[in-house]
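Structure below; questions to follow.
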2 protein chains.
Amino acid sequence: MTATNRSRTSASEATTAIRLDARRLPSEKARSDKHQAITQAASEMFLAEGFDGVTLDQIAQRAGVSKQTIYSHFSDKQGLFRAICTELTERLTIPLRKSVARGDLRSTLTRLGEDALAMMLHPASLDLHRLVMSAALRFPELGQAAYEAGAERLVGDLSTLLLQRSQMGDGLREPIDEKRARILAEQFIGMLRGFHQLRGLLAIEPLPATDRSAYVAACVDLLLRGA
Amino acid sequence: MTATNRSRTSASEATTAIRLDARRLPSEKARSDKHQAITQAASEMFLAEGFDGVTLDQIAQRAGVSKQTIYSHFSDKQGLFRAICTELTERLTIPLRKSVARGDLRSTLTRLGEDALAMMLHPASLDLHRLVMSAALRFPELGQAAYEAGAERLVGDLSTLLLQRSQMGDGLREPIDEKRARILAEQFIGMLRGFHQLRGLLAIEPLPATDRSAYVAACVDLLLRGA
DNA sequence: ATCAAACTGGACTGGTGAGTCTAAGCTAAA
DNA sequence: TTTAGCTTAGACTCACCAGTCCAGTTTGAT
């Protein structure tokens with residue numbers, strides 16, 4: 001019942017690359033069609049109900065596919081789950097880089113902070129976070145992968161940015177080395193999250209966006225004053 | 001298999017209040033004994049395996065109790081789960097206050113920060129966090145309760161502390177009001193967590209304690225420079 | 001037209017788990 | 001001793017589910 005109203009997430013055909021001369025052999029076109037339908041349906045359902053909350057019959061039905069077809073594309077339920085998580089992990093962590101590196105440090109940090117926070121609070125991101133976390137003991141590789149693609153990459157990017165700006169003499173009080181840059185980055189992302197993300201993960205009503213904006217500004221402030 | 005080596009958490013008899021003339025009617029002594037055994041066993045297993053990963057037969061066996069007895073103490077599996085979570089939520093959030101309010105602001109914050117971080121990284125706390133989070137969609141009250149008992153209370157306490165110190169003219173650059181105190185508190189706790197807790201939740205090896213200590217110091221620094 | 005691969009639907013197996021029931025055992029109060 | 005309430009072991013119901021099997025159908029290539 002929770003899952004039904006989250007259906008359209010607009011990932012129906014954006015993933016596979018080749019689209020020229022579509023109607024050809026079944027071993028490519030049809031295969032990827034069914035494959036898509038399955039991963040799409042499975043994503044929605046796993047995100048909404050968790051690994052144990054979903055049956056393969058439900059997935060088959062929603063994907064408009066027979067159960068046998070699922071087993072011809074994936075080894076078993078766990079294999080499907082792993083594939084879903086891996087794909088979602090990557091798809092959900094890319095779109096942040098665009099906000100980097102224009103303007104002075106303050107405005108760059110503000111923009112990056114707002115984008116990052118918005119992404120962390122996006123329903124799909126919260127669902128994935130919850131999913132991976134609750135599966136982390138059973139599927140440790142997934143936890144590791146999600147950490148690297150999410151937190152680790154974000155901190156890495158930000159700390160690179162800070163280091164560059166420091167060398168350019170832009171915005172920071174004192175020169176910093178790489179280690180210090182990483183600490184600052186982690187502090188910034190950490191304080192940015194605050195408890196907003198936690199509230200989302202615990203299914204508590206979020207604060208209004210205006211408060212969020214002010215909070216981001218306060219975080220930029222605190223960082224720039226101290227770094 | 002994961003659960004077996006976490007057995008002794010020393011909560012066997014600390015909860016019920018009356019202890020005078022112990023051996024009386026079975027409806028009090030025996031009842032609370034069994035009750036204890038059940039909640040103890042259920043806690044360990046739910047924390048380690050999650051709601052769906054545990055069967056009532058397993059709980060009964062580990063508690064040394066018949067399944068029927070469980071049903072005479074709790075309405076059903078969900079009722080047991082709710083009770084467990086509620087109890088754990090409260091038990092795991094109390095022991096922080098002791099570190100408050102001695103010494104100057106810097107050392108107070110340092111002590112509080114180290115205690116808070118240690119608590120957030122404690123295995124039991126991580127397990128509970130993971131558990132409540134993965135159950136938050138099915139049991140929203142539990143998420144709400146955990147938030148209030150954990151994050152909300154911590155931020156509240158810290159912001160009260162900051163406000164008091166500000167009025168005493170101790171350590172802060174400029175006077176702050178209550179709203180600002182809350183923001184600072186949330187920033188501090190947020191940056192303190194950094195990604196340490198996330199790593200724990202995702203079952204990734206934690207950093208050595210010395211790094212943690214340095215990180216806490218850096219957080220105190222950043223806060224005091226900017227506040 | 002023919003063929004092979006992919007797909008379908010539905011039946012089936014084997015196993016599991018929540019919750020119920022029963023007949024007997026224990027303990028403490030009267 | 002009797003009684004009443006709690007407990008126990010284990011059998012039992014009923015539903016669900018992962019994974020398999022199969023007989024028949026579609027689909028696109030040759």
Side-chain angles (χ1 to χ4, degrees), chain A residues 1 3 16 18-42 45-46 48-85 135 138-139, chain B residues 1 3 16 18 20-42 45-46 48-84 135 138-139:
Chain A
M1 33 180 83
T16 39
I18 310 149
R19 186 145 307 274
L20 342 166
D21 69 8
R23 224 153 278 105
R24 262 194 341 186
L25 62 170
S27 32
E28 302 216 345
K29 148 91 171 56
R31 180 170 185 86
S32 73
D33 270 7
K34 301 288 178 183
H35 197 91
Q36 267 300 317
I38 295 169
T39 53
Q40 175 69 23
M45 304 196 67
F46 278 137
E49 315 280 347
F51 182 77
D52 296 304
V54 174
T55 75
L56 286 182
D57 294 271
Q58 291 170 346
I59 295 178
Q61 189 183 10
R62 179 188 286 226
V65 140
S66 82
K67 192 160 51 155
Q68 194 53 242
T69 303
I70 297 183
Y71 279 99
S72 80
H73 284 265
F74 301 92
S75 61
D76 55 6
K77 196 184 181 184
Q78 296 203 0
L80 175 58
F81 184 74
R82 268 184 251 264
I84 297 301
C85 285
R138 266 190 283 184
F139 306 89
Chain B
M1 31 182 82
T16 39
I18 310 149
L20 343 165
D21 70 8
R23 223 153 279 103
R24 262 193 339 185
L25 63 169
S27 32
E28 303 216 345
K29 150 95 170 54
R31 179 172 185 84
S32 73
D33 271 7
K34 302 288 179 184
H35 196 92
Q36 267 300 319
I38 295 169
T39 54
Q40 175 69 24
M45 304 196 67
F46 278 138
E49 316 280 347
F51 182 78
D52 297 304
V54 174
T55 75
L56 286 182
D57 293 273
Q58 292 171 344
I59 294 177
Q61 189 182 11
R62 178 188 286 226
V65 139
S66 82
K67 191 160 52 155
Q68 193 53 242
T69 304
I70 296 184
Y71 279 100
S72 82
H73 285 263
F74 301 92
S75 61
D76 55 6
K77 195 183 183 186
Q78 297 203 358
L80 175 57
F81 183 75
R82 268 184 251 264
I84 297 301
R138 266 191 283 184
F139 306 89

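Within every chain, numbering begins at 1; the chains are lettered A, B, ... in the order of the sequence lines, protein sequences first and strands thereafter. Owing to the predicted nature of the structure, the values given are computational and were not obtained by experimental measurement.
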Side chain of Lys77(A) (C-beta onward), nearest among dA9(D), dA18(C), dA18(D):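 Per side-chain heavy atoms of Lys77(A), the pick is dA18(D).
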Could you state the atom-to-atom distance from CD1 of Ile59(B) to C1' of dG19(C) in whole Å?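 Going from CD1 in Ile59(B) over to C1' in dG19(C) covers 14 Å.
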Nearest-angstrom distance from the residue atom CZ of Phe81(A) to P of dA18(D):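 After rounding, the reported distance stands at 13 Å.
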On the side chain of Lys67(A), is there an atom forming a donor-acceptor pair with the base of dG19(D) - under 3.5 Å, no angle test?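 Counting by modelled atom types and ignoring angles, a donor-acceptor contact under 3.5 Å is found here.
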What is the separation between atom CG on Leu80(B) and atom P on dA18(C), rounded to the nearest whole Å?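 Between P of dA18(C) and CG of Leu80(B): 11 Å.
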5' priority, DNA chain D, between Gly53(A) and Ser75(A) [closest heavy atom]: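 Residue closer to the 5' terminus by nearest nucleotide: Gly53(A).
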Nearest listed nucleotide, side chain of Thr55(A), among dA9(D), dA18(D), dC7(C):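 The closest nucleotide is dA18(D).
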Considering the options Ile59(B), Thr55(B), Leu56(B), which one meets the side chain to side chain contact (heavy atoms under 4.5 Å, CB included) requirement together with Lys77(B)?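 When Ile59(B), Thr55(B), Leu56(B) are each tested with Lys77(B), the side chain to side chain contact (heavy atoms under 4.5 Å, CB included) holds only for Leu56(B).
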Pick the closest DNA chain D nucleotide for Val54(A) and for Thr69(B) by heavy atoms, then say which residue is nearer the 5' end.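 Its nucleotide being nearer the 5' end, the pick is Thr69(B).
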Could you grab the distance from atom OG of Ser72(A) to atom NZ of Lys67(A), nearest 0.5 Å is fine?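 Those atoms lie 13.5 Å apart.
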So, does His73(A) get its side chain near the phosphate of dA6(C), meaning an N or O under 4.0 Å from OP1 or OP2?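 Checking dA6(C) against His73(A), no side-chain N or O comes under 4.0 Å of OP1 or OP2.
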Without decimals, in angstroms, what is the distance between Ile38(A) CD1 and dC7(C) C1'?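 Value for this atom pair: 11 Å.
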Quickly work out the Ile70(A) CD1 to dT8(C) P distance and round it to whole Å.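 The distance from CD1 of Ile70(A) to P of dT8(C) comes to 10 Å, rounded to the nearest Å.
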Checking the side chain of Thr69(A) only, and the main-chain atoms of Val65(A) only, is there a donor and an acceptor separated by less than 3.5 Å?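 Judged by distance alone, no pair lies under 3.5 Å.
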Rounded to the nearest angstrom, tell me the gap between atom OH in Tyr71(B) and atom C1' in dA9(D).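 Going from OH in Tyr71(B) over to C1' in dA9(D) covers 16 Å.
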Which nucleotide in the set dT20(D), dC7(C), dT20(C) lies at the smallest distance from any side-chain heavy atom of Gln68(A)?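 In terms of side-chain proximity for Gln68(A), the closest of dT20(D), dC7(C), dT20(C) is dT20(D).
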Do the side chains of Asp57(B) and Arg62(B) get close enough for a salt bridge, i.e. N-O under 4.0 angstrom?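 Salt bridge absent between Asp57(B) and Arg62(B).
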Tell me the interatomic distance from Phe46(B), atom CZ, to dA18(C), atom C1', rounded to whole angstroms.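 These atoms are roughly 12 Å apart.
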Please test Phe74(B) against Phe81(B) for ring pair (Phe, Tyr, Trp, His ring centres under 6.0 Å), starting from the C-alpha separation and ending with a verdict. CA-CA 9 Å; Phe74(B) 301 92; Phe81(B) 183 75; over 10 Å; no
Considering only dC22(D), dT8(D), dA18(C), which nucleotide approaches the side chain of Asp57(B) most closely?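 That would be dA18(C).
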